[in-house]
Structures are given as structure tokens and as C-alpha cells.
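Notes follow once the structure below has been shown.
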There are 2 protein chains.
Amino acid sequence: MLPRHPHRTEDCRAISEILQRVGDKWTVLVVGKLGDGPLRFNELRSAVGGISQKMLTTTLRGLERDGFVTRTVFPTIPPRVDYELTDLGYELLVPVGALGEWARKNTERVRAARARFDGLHA
Amino acid sequence: MLPRHPHRTEDCRAISEILQRVGDKWTVLVVGKLGDGPLRFNELRSAVGGISQKMLTTTLRGLERDGFVTRTVFPTIPPRVDYELTDLGYELLVPVGALGEWARKNTERVRAARARFDGLHA
DNA sequence: CCGCATCCTCAGAGATACTG
DNA sequence: CAGTATCTCTGAGGATGCGG
């Protein structure tokens, strides 16, 4: 509740960067699903729901690049590709989960604030 | 490290929503600055640095709408407008700060993962 | 001083079709 | 099955000028 330490600009930039990284449309959804265990491409696709093939690929590539997921190809026919969270990915899930928990608890307060604001500025 | 409880899709959606809300380019920067106390428009502008007038206005309106900041107008000449975090805003700072802390600690691991990935896929 | 209105640009997101 | 390739479209973000 109180300003513990002055928020340094560079720290805020780092926060902002990671938040934008996980703040895109699909990342947390994908990471959340993978939090329950490894999944194949299309399993993940239908688990998330509503995501296009392209966006899932893009999202997974980004997560792989940043070291949050591993991509394992089984050279079978038909091909099989498993995606799994790395340790880093699981660790990320902790603070993200905390924020999610906060979100769940406070949805109503935000909704009420919005209704009030929109009412005043109608 | 282990899947404690199955991640429900609707929960993930809520997480995703709030993350996108605070995951835009300026929100956390602005909220971070306001975390040290109330600021006037242009104080905030120069404190954040690099933000355009339009984006600061847009960001502040959004935060006001969602109940994270209050906007106080002093009917003086020239006008003076103070922005301050609400209780909800301060509470948001907690999980966001936690994520930020995680970001600060793990920047190097992400950077290394990226370098490795980019090296392999050169 | 504060911030709205307007115009412009460009990256992100989706739809669709095709390949190993 | 698991992608890549291409196209389109929306909207976030920035620059500039005016108004209370």
C-alpha cells in the first residue's frame, strides 16, 4: 500500500517488456494449458480453442525462443510434435498465476468501475 | 512445478484479459510512477519519458475507467490535474510488482535462451 | 497546462490455400 | 499431423495542430 522503494525507470521498463511478452492474445492461454503437462500441436490447438494454426505456431515459436517451452519432434509418419514447459516456463507460471488470481478476485470491482465510468460519461 | 489443479479455460481467459490490459506499452510504466504518489499530467509525462501526449491521455483514461486511478481537476488558471492510484490501483501493484521482480531476476536467462535459439536458427 | 481532433503508419491477428 | 506462404484488415501508437 505504501511506496516501499522508488520505482526505477529501468526496472519498470523490464516489467513492461515481460508484461508485453506475456500480454499478447494467446501466450498465457497456451502456457496455462501446457502447465498441465506436455501436449501435441493439435491437442494444444483444441485445448486453447479459437486460435488459428498460424497464431499457435507463432506463439509457440516465441515461447521456444525465449526458453519457456521445448519442442520435440518425433520423426514418425504422420509426424508428431510435443510441446512442454521448461523449468523457466513453470517458474513463469508462478507470478503469472498470482496475477491471474488477483484478476479472478477483482473482476467484479473492475466491472463495477467501468459501469460507473461509462454511466457518467454517457 | 507440478500441475496443482487443472487450469480452467475461463480462468485463463480472465488472466489473459487482465494481462492484455496491463500488457500494453505504457500502463505499467504509468502505474509504476504513480505508485510513488500522485502526479500532475506533465510531471507524469516527463517521469515516464518518451510517451506522447495522446498515449498518456489514452492510458490514463483507461486506468480511470477501470478504477485504477482517480483524476482530480483543480479549476485554476492554468488548469491543474492530479492523477493518483486508487486502492485498487495499489493492490494491482502487488502482483504486477511480483511479476516485475521475476522479470528482473530472469532477464539474463531469457536473453541467453534467445541468443541460443537465434544462433541455431541463423 | 491539459488534452481533444485529425491524419498517418505499421505490426499483429485472422482467413485461406498449399506442402513434407 | 504439423506446419509454411500469402493476403487482408484492424487498431495501437505517433505527429501535429487547435481549443478551453
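In what follows, chains are A, B, ... by sequence order, proteins preceding strands, each numbered from 1.
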On the nucleotide D:dC1, are OP1 or OP2 found under 4.0 Å from the side-chain N or O atoms that A:Tyr83 carries? no
Separation of C:dG3 atom C1' from B:Arg80 atom CZ, nearest Å, is 17 Å
Distance-only, no hydrogens or angles: does the A:Thr86 side chain make a donor-acceptor pair with backbone N or O of A:Gly67 under 3.5 Å? yes
Rounding to a whole Å, what distance do you find between A:Leu39:CG and D:dA2:P? 11 Å
In whole Å, what is the span from the CG atom of B:Leu63 to the C1' atom of C:dG3? 16 Å
Let me know the distance between CZ of A:Phe41 and P of D:dT4, rounded to the nearest Å. 8 Å
Flag the pair A:Glu91 and B:Arg109 as a salt bridge only when some basic side-chain nitrogen lies within less than 4.0 angstrom of an acidic carboxylate oxygen. yes
What's the closest nucleotide to the side chain of A:Val81 if the choices are D:dG3, C:dC2, C:dG14? D:dG3
d(CG, A:Asn42; P, D:dA2) in whole Å: 5 Å
If you pin A:Lys25 and A:Gln53 to their nearest nucleotides in DNA chain C, which one's is more 5'? A:Lys25
Does C:dC2 have OP1 or OP2 under 4.0 Å away from a side-chain N or O of B:Arg40? yes
Taking D:dG14, C:dC1, D:dC1 as options, the one with an atom nearest any side-chain atom of B:Met55 is D:dG14
Tell me: CG of A:Leu56 to P of D:dT4, nearest whole Å? 11 Å
For A:Thr27 and A:Gly23, indicate whether the former's side chain and the latter's backbone hold a donor-acceptor pair under 3.5 Å. no
Measure CG/B:Asp82 against P/C:dG3 and give the value in whole Å, please. 11 Å
Take atom CZ of A:Arg61 and atom P of C:dG12, then tell me their distance rounded to the nearest Å. 17 Å
Output the single nucleotide from D:dT4, D:dA15, D:dA2 whose closest atom is nearest the side chain of A:Arg71. D:dA2
I'd like to know if the side chain of B:Arg21 reaches the main chain of B:Gly62, judged simply by a donor and an acceptor atom lying under 3.5 Å from each other, with no hydrogens or angles considered. yes
Testing the basics here: between A:Leu85 and A:Leu34, what is the closest heavy-atom pair and its distance to 0.1 Å? CG-CB, 3.8 Å
